[in-house]
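Please read the structure below before turning to the comments.
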Amino acid sequence: MSKVLSAVAWPYANGPRHIGHVAGFGVPSDVFSRYMRMAGHDVLMVSGTDEHGTPILVAADAAGVTPQALADINNRIIVEDLVALGLSYDLFTRTTTRNHYAVVQELFRVVHANGYMIEQATHGAISPSTGRTLPDRYIEGTCPICGFPDARGDQCDNCGNQLDPTDLINPRSKINGEAPQFVESQHFFLDLPALADALGEFIADREASGLWRPNVIRFSKGLLTDMKPRAMTRDIDWGIPIPLDGWREQPSKRLYVWFDAVIGYLSASIEWARRIGDPDRWREWWNDPATLSYYFQGKDNITFHSQIWPAELLGYAGGGDKGGEPGQYGRLELPTEVVASEFMTMEGKQFSSSRGVVIYVRDMLSRYQPDALRYFICAAGPESSDSDFTWAEFVQRTNSELVAGWGNLVNRTASMIAKNFGEIPPAGPLEAIDEEILAAVTAGFGTVGGLIERHRQRAAIAEAMRLVGEVNAYVSRTEPFKLKGEDQRERLGTILHTLAQCVSDLNVMLSPFLPHSSNAVDAVLGGDGTLTPMPRLDEVTDFDDALEGLPEAVPPVRSYPVITGDYSGFPQWGPRPVVAGTPIAKPTPVFTKLDPSVVADELERLAPPEESAESEAVVVEAAVVQAAESAARQQGQS
């Protein structure tokens, strides 16, 4: 058994998340984590909402609420959506907690003490009309490297290179289109050149493993060619204060949101250990070189996970050219693998709330089964290349693969057993055809499991569904529905026992992908409907950590929702022998067939750009309404 850290990208809390987001960070990490638990590994899956930075300020201003109030609203919406999707976090928390503040400031202090935070003057962007600082991501212009006309001030989405706003040609404010004014300001920079050799060794070691996706390795190696100090503080009043004398007293200077957000993997692990009453337990996943750690995100975040976060960890350990000593957390292990998905589009267009090209997770799950969405993401998601979500393909895959393929096999198996025996019959002598199908399904555990472990989930679920097709073909070849005579009853029982075993094993095999329906299928086969554990939403109270010298900056002690769960009951990855005599009732369909009219109905909901009135303010207003409805439901249940 290995210790496995599933470090899942932190969704940003400036609004509800759409299905493209969960296709990149959510479902792939959950499938992997569920499988690894079933394979006997000790998994710690952590994440939370990322709640600092200027986009939160902009959205809060538009909604007329404080940044913390907006973060509270969207944190709850995101938590509820991810629980409904079945994502099995050990802890999904947030970055506006006292625990997170303390962990982030500890890392900054030690990285600074080791010499890897250097003070430099830089030019920050100011809005001439408001006098307010413009964050890098809110400045656009032409990329000086590839010529892309809509590059951001921190990164070009076309060529992937990191940028500074001053690098852009003809920079403009994304908020109002005006040209920003650049003023000089003092900031702390992470000294990447002093960590370049150590980062190079890290990437070379990971490339030699042969495990990383080629696009991630190529991009990460490319980052090594242009190593320069990167700003880790910003002129902004919404973020974690800089924990140094002379800096913490400046309310307009804060740690850069991406410096603090990646530290969330560590702070969430520490919070999880504190909440289970074993405060040092997190060290088993962070201080042991034998631990495996996998970081799940979209490709636009590779820079922060293969360069910035490893550099922070190396700087904290004193692992660069300047040396140094680790702080109280000790030597923290570098990522085993950065698992970056590509982008998902929708009906051939980029997701865009402002243009109406979007469907939020909550809206999707209000109209369709969560496993229908999970299945689409696993079978056709942006695993190693960009993919496109279309309503026509969603309906087609749901109806022809889930309903007519897997759902039909479950239903016909249970129906024949219920009609002819009322319980799983014992198996008589097996014929070659029976042994062959049982062997094929059993062998599938090795093939499908190996593919999931290598993050090839599209191939894994395709292989599982191929086996579903083989078992359906077994029904057609053996024709149990024609065996009506008393002298054929033993043979009928043998075929139906074989079918029950195949369906049970396929259900285990599909459970990492389809946890909701796997529990429903378990109930169809006479189980208690709890084959695979599901996450839950808990209300917790923040710790009362005292952060010396920062009384006004520390978030108040308050309650907030987290995702957690008891995952000790995962079934073992492998065959589960069915028990003859288990009662089987007439089943109801596990999956809902979709009417073809769904396609036209959903396309109508996609407002054309010229007619869409949706903006960040409207999205936030919807979030406020959703949060109020959620609070009312909770009050009614208490």
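Just so we're clear, the structure is a prediction, and the values are computed from it rather than from any experiment.
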Item to complete: Consider only side-chain N and O atoms of W309 and Y295, and report whether a donor and an acceptor are under 3.5 Å apart.
Response: yes
Fill in: Test of ring centre spacing under 6.0 Å for Y101 and H52
yes
Worksheet item: Does the salt bridge (charged side-chain N to carboxylate O under 4.0 Å, His left out) test come out yes or no for D30 and R374, once each step is laid out?
Response: CA-CA 10 Å; D30 186 58; R374 289 179 64 114; 2.7 Å; yes
Worksheet item: Is it true that atom CG of D205 has more than 12 heavy atoms of other residues, nucleotides or ligands lying nearer than 6.0 Å?
Response: yes
Worksheet item: Is there a donor-acceptor pair under 3.5 Å between the side chain of Y116 and the backbone N or O of A311?
Response: no
Worksheet item: Looking only at heavy atoms, what is the nearest atom pair of L313 and E333, with distance?
Response: CD1-O, 3.6 Å
Discussion item. When you measure from the side chain of N74 to the backbone of A13, do you find a donor-acceptor pair of N or O atoms at a distance under 3.5 Å?
Written reply: yes
Worksheet item: Can the ring centroids of F296 and H455 be said to lie less than 6.0 angstrom from one another?
Response: yes
Worksheet item: Any side-chain donor paired with an acceptor under 3.5 Å for S269 and W286?
Response: yes
Worksheet item: Hey, what's the ring geometry for F351 with H18, parallel, tilted or perpendicular (30° and 60° as the breaks)?
Response: parallel
Worksheet item: So, the side chain of R213 versus the backbone of A340: is there a donor-acceptor pair under 3.5 Å, distance only?
Response: yes
Fill in: Polar side-chain atom of S47 near backbone of A9 as donor-acceptor pair, under 3.5 Å
yes
Worksheet item: So, does D191 use its side chain to make a donor-acceptor pair with the main chain of M117 at under 3.5 Å?
Response: no
Worksheet item: Quick one: does H100's side chain have a donor or acceptor within less than 3.5 Å of a partner on D260's backbone?
Response: yes
Discussion item. When you measure from the side chain of E393 to the backbone of F389, do you find a donor-acceptor pair of N or O atoms at a distance under 3.5 Å?
Written reply: no
Worksheet, complete the sentence: d(N161 CG, L223 CG) to nearest 0.5 Å is 8.0 Å
Discussion item. Please check this pair: side chain of E178 against backbone of S173, looking for a donor-acceptor N/O pair closer than 3.5 Å.
Written reply: no
Practice prompt. Taking atom types as modelled, find out whether Q457 and E383 have a side-chain donor-acceptor pair closer than 3.5 angstrom.
Written response: no
Practice prompt. Step through the shown structure and confirm whether more than 12 heavy atoms of other residues, nucleotides or ligands are within 6.0 Å of NZ on K228.
Written response: yes
Item to complete: Report the C-alpha distance between K253 and D235 in whole Å, list the side-chain angles of each, state the deciding distance to 0.1 Å, and finish with yes or no for side chain to side chain contact (heavy atoms under 4.5 Å, CB included).
Response: CA-CA 5 Å; K253 290 190 183 293; D235 290 306; 2.7 Å; yes
Worksheet item: Within the side chain of Q105, is there an N or O that forms a donor-acceptor pair under 3.5 Å with the backbone of P241?
Response: yes
Practice prompt. Indicate whether any N or O donor in one side chain lies under 3.5 Å from an N or O acceptor in the other, for S387 and E342.
Written response: no
Worksheet item: What about H305 and Y265, are their ring centers closer than 6.0 Å?
Response: yes
Discussion item. Tell me every residue that passes salt bridge (charged side-chain N to carboxylate O under 4.0 Å, His left out) with R458, counting only those two or more places apart in sequence or in another chain.
Written reply: none
Practice prompt. Evaluate the side chain to side chain donor-acceptor pair (under 3.5 Å) criterion for residues E51 and T49: first the C-alpha distance (whole Å), next the side-chain angles of each, then the deciding distance (0.1 Å), finally the verdict.
Written response: CA-CA 6 Å; E51 301 181 2; T49 46; 2.5 Å; yes
Discussion item. Nearest 0.5 Å, please: how far is CG in L332 from CG in L314?
Written reply: 10.0 Å
Worksheet item: Which atom names give the shortest non-hydrogen contact between G53 and I236, and what distance separates them?
Response: C-CD1, 3.6 Å
Discussion item. Using the salt bridge (charged side-chain N to carboxylate O under 4.0 Å, His left out) criterion, which residues pair with E312? Sequence neighbours excluded.
Written reply: none
Item to complete: List the atom of A372, the atom of F394, and the distance in Å for their closest heavy-atom pair.
Response: O-CE1, 3.6 Å
Worksheet item: Distance-only, no hydrogens or angles: does the S209 side chain make a donor-acceptor pair with backbone N or O of R206 under 3.5 Å?
Response: yes
